[in-house]
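The structure under discussion appears below in the form of structure tokens.
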Amino acid sequence: MYVVLARTPDGIVAHRLDDNGRPADEPELIDEEDLADWADLENDESNPRWVWDDSRKWYPQLLEGGVRIARCVDLRLSHSILRLSTLTAGSRLAMAPKGPWDSNIPLDLAPQPVADPHESLFDFHEAAGIDEPDPVAEFLLQREAIAQSSDPNRLNLLLAAESAGGLVAVEMKHGGLPWDADIHRAMLTSTLGPRPVNGERPAALEALLVEMRAALDGAEINPDSPAELLKALRRAGIPAESTRSWDLREIKHPVIEPLLTYKKLSRLMTANGWHWLDTWVVDGRFRPDYVPGGAATGRWGASGGGALQLPKQIRGAVVADEGWKFVVADASQLEPRILSAMSADRRMAEAGRGDLYEGIVATGAVATRAEAKLALLGAMYGATTGESGRLMPRLAQGFPQAIAMVEAAARAGERGEVVSTQLGRSSPLPSSQWQDIQAAANLDAASEARARSHSRSWGRFTRNFIVQGTAAEWALCWMANLRNALWTLTDGALTDGPHLVFFLHDEVIVHTPAELADDVVAIVRKAAADAGRQIFGALPVDFPVTAVTVDNYGAAK
DNA sequence: TACCCCAGCGCG
DNA sequence: AAAGCGCGCTGGGGTA
């Protein structure tokens, strides 16, 4: 059973469809304020798969009302996959001109739970000259595209995982990441000094500035402006090429050490200092917007507060509630394992029985673990120079099947072709500018070099796309399985029991009552093993998970 | 004032 | 031990 929800000028309309997508009864009109209660009843009666345009527009108010959703079809997320996938290339959906399902309506125009819920959306559409999109029609169009595709099963798994991710994203924002502002502030004070007033430098930065001036015989220096900093260094006879820490580290001069420290502390203050804390941590929770499918590869993005770049430095401020714990889990060496699974390289799978890098050393392909790691990174990113590039051929010799797969993806991208992940998410086409550059390749030597460079660059993107994208699919399946299993542990609202509070590409955090932490760890591991089987079938590729139970995120290494 | 781009750096 | 992939954010500095 499906229940498709739509907002109309008259209110919310619910369409019940049977498993064949045919109307099961007359559409039902629901008042906005009754939605959560109505959905709760519907869950009890038929446990449907909910179908709607965008989980971000429906699910928050259900969660507010204490209602959880087991599964859904997020039409917006699904549409963008089906639009590009080579598996659905001939479908009506893919052939149609771009429409409202291809645009991403800004969140602030989405209906809010309290104020008049549909008006802003209609205003937006009216202003933009867009017809109000019909979710039932779109759902049927998507079903048609999937049914006619060359591999409906893979696509169905992908879309289910993507939609589940959409639910998780809303749930994580709803629950929030527990954040202890006092600990954070204490950390800032101890490294930077007391919070400065009206834009002054904190004491620690001021002291470092004094130190730098002394090292420059009293000359002025402004480390906050890269351009001025470079000038100041050159005035002092320091041959700096850039002001990047990585480059500065190579220079021997007394000003360098305080400068590097300054940069580090200054970064802490601007990115995650007092202002960040005021802006992003409310009532002990950090609630960024997560953006499923935010990257072309299917990885999530995030906006607000830099959720996907929380420095290790401040993770100690992520503290579980009293009587609760965090289970912090990450998939070890995920991308190289994905590489071995999708290429069905049994030799590499065998090497991944334990630590994958050690396993590769054991085959004799390379000499050390560090070399194995570097070589694999090179294979997945397309390194051509440096040690990584140098080691690549050795890997190709030892694991021809795996390397041939990424090489083929790179060649396809260089020709401007599309590549796809294991479950059928396809890469975008290179830009028209890229095409123009290729078309102009035969004009002269400079054009040819330019075309070649852009071609190679897009090849590195497609090479990485298939691995990063398939890893993202694995992570989504992992999370979807995890979410379902956690739900069985307790009754009640989302935040009454173990629930996901953070996700970072190959890592999750579950906030859980302490007494359930061991159960959660077991669930996290099983969910990972299941994800591997769902995507790769019986292939003997392991996806081991490192899981620790901690009181704060900083303690998770 | 508003906006855009760049350099730099945090994360995987 | 290095420059190859994917992101978001800040502050500086320029332009309109």
Side-chain angles (χ1 to χ4, degrees), chain A residues 199 201 222-231 240-250 259-260 262-273 275-276 279-280 288-315 330-336 338-339 368-392 406 409-410 413 419 421 425 427-428 453 456-472 474-475 502-508 553:
Chain A
R201 283 193 178 88
N222 176 11
D224 296 324
S225 161
E228 286 186 35
L229 176 57
L230 205 55
K231 277 188 219 155
E241 291 293 320
S242 80
T243 63
R244 285 191 289 267
S245 294
W246 182 261
D247 295 334
L248 294 176
R249 229 180 292 276
E250 301 305 311
L259 175 55
L260 291 174
Y262 183 101
K263 279 169 151 288
K264 187 84 185 160
L265 293 184
S266 167
R267 166 81 192 184
L268 171 65
M269 185 181 72
T270 56
N272 297 100
H275 185 249
W276 181 91
T279 311
W280 295 110
D289 277 312
Y290 297 95
V291 187
T297 56
R299 271 192 178 184
W300 283 19
S303 79
L308 304 187
Q309 38 184 135
L310 293 179
K312 299 205 162 149
Q313 218 178 348
I314 61 162
R315 292 183 179 182
D330 75 283
S332 316
Q333 305 156 341
L334 178 58
E335 291 197 355
I338 290 291
L339 171 60
T368 66
R369 189 179 186 281
E371 282 187 350
K373 190 171 178 177
L374 216 51
L376 268 170
L377 283 177
M380 293 184 300
Y381 293 163
T384 53
T385 61
E387 183 163 17
S388 184
R390 189 174 62 73
L391 288 165
M392 259 262 280
V406 283
V419 297
T421 61
R425 191 191 304 261
S427 62
S453 153
R456 285 276 164 80
S457 170
W458 196 255
R460 286 193 300 275
F461 167 66
T462 52
R463 169 199 293 269
N464 186 250
F465 180 95
I466 60 170
V467 179
Q468 186 185 116
T470 303
W474 182 92
F502 196 61
F503 169 53
L504 190 56
H505 310 315
D506 61 356
E507 176 177 348
V508 296
Y553 189 18

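We use all heavy atoms of the structure for the numbers below, so side chains are in, but hydrogens, waters and symmetry mates are not. In what follows, every chain begins at residue 1, and chains take the letters A, B, ... in the order their sequences are listed.
Atom P of nucleotide dC6(B) and atom CG of Leu230(A) are separated by 18 Å, given to the nearest angstrom. In this entry the distance linking CZ of Phe502(A) with P of dC11(B) reads 11 Å, nearest Å. Look at CZ on Arg463(A): it is 10 Å from P on dC5(C), rounded to the nearest Å. The interatomic distance linking Tyr290(A) (OH) with dG6(C) (P) rounds to 23 Å, in whole Å.
Gly305(A) comes within 4.0 angstrom of the backbone, heavy atoms only, and of no base. Within 4.0 Å (heavy atoms only), Gly304(A) reaches sugar-phosphate atoms of the nucleic acid but no base atom. Note on Leu310(A): only backbone sugar-phosphate atoms sit closer than 4.0 angstrom, heavy atoms only; bases stay farther off. Using a 4.0 Å heavy-atom distance criterion, Asp224(A) is classed as a sugar-phosphate-only contact. Ala370(A) comes within 4.0 angstrom of nothing in the nucleic acid, heavy atoms only. Counting any heavy atom pair closer than 4.0 Å across all strands shown, Glu335(A) reaches no nucleic acid atom.
Between Phe461(A) and Phe465(A), the angle of the ring planes goes over 60°, which puts this pair in the perpendicular group of the 30/60° scheme.
When the side-chain nitrogen and oxygen atoms of Arg460(A) are compared with OP1 and OP2 of dG4(C), none of them lie within a distance under 4.0 Å. Between Lys312(A) and dC9(B), a side-chain N or O to OP1/OP2 separation shorter than 4.0 Å is absent. OP1 or OP2 of dG10(B) sits under 4.0 Å from a side-chain N or O of Lys264(A). An OP1 or OP2 oxygen of dG8(B) is reached within less than 4.0 angstrom by no side-chain nitrogen or oxygen of Lys263(A). Listed pair Ser303(A) / dC9(C) fails the phosphate criterion, with no side-chain N or O lying under 4.0 Å from OP1 or OP2. Between Ser225(A) and dG13(C) there is a side-chain N or O to OP1 or OP2 distance below 4.0 Å. Taking side-chain N and O atoms only, Arg244(A) has a distance below 4.0 Å to OP1 or OP2 of dG8(B).
Side-chain atoms of Thr270(A) lie closest to dG11(C) of the nucleotides dG8(C), dA1(C), dG11(C). Closest approach to the Arg315(A) side chain among dC5(C), dC9(B), dC11(B) is made by dC11(B) (side chain taken as heavy atoms from C-beta onward).
Nucleotides of DNA chain C nearest to Phe461(A) and Asp247(A) differ in position, and the one nearer the 5' end is that of Asp247(A).
Proximity of Leu248(A) to Lys263(A): side-chain heavy atoms (C-beta onward) are separated by under 4.5 Å at one or more points.
Using the Watson-Crick or G-U wobble rule with both distances under 3.5 Å, dG4(C) pairs with nothing in any strand shown.
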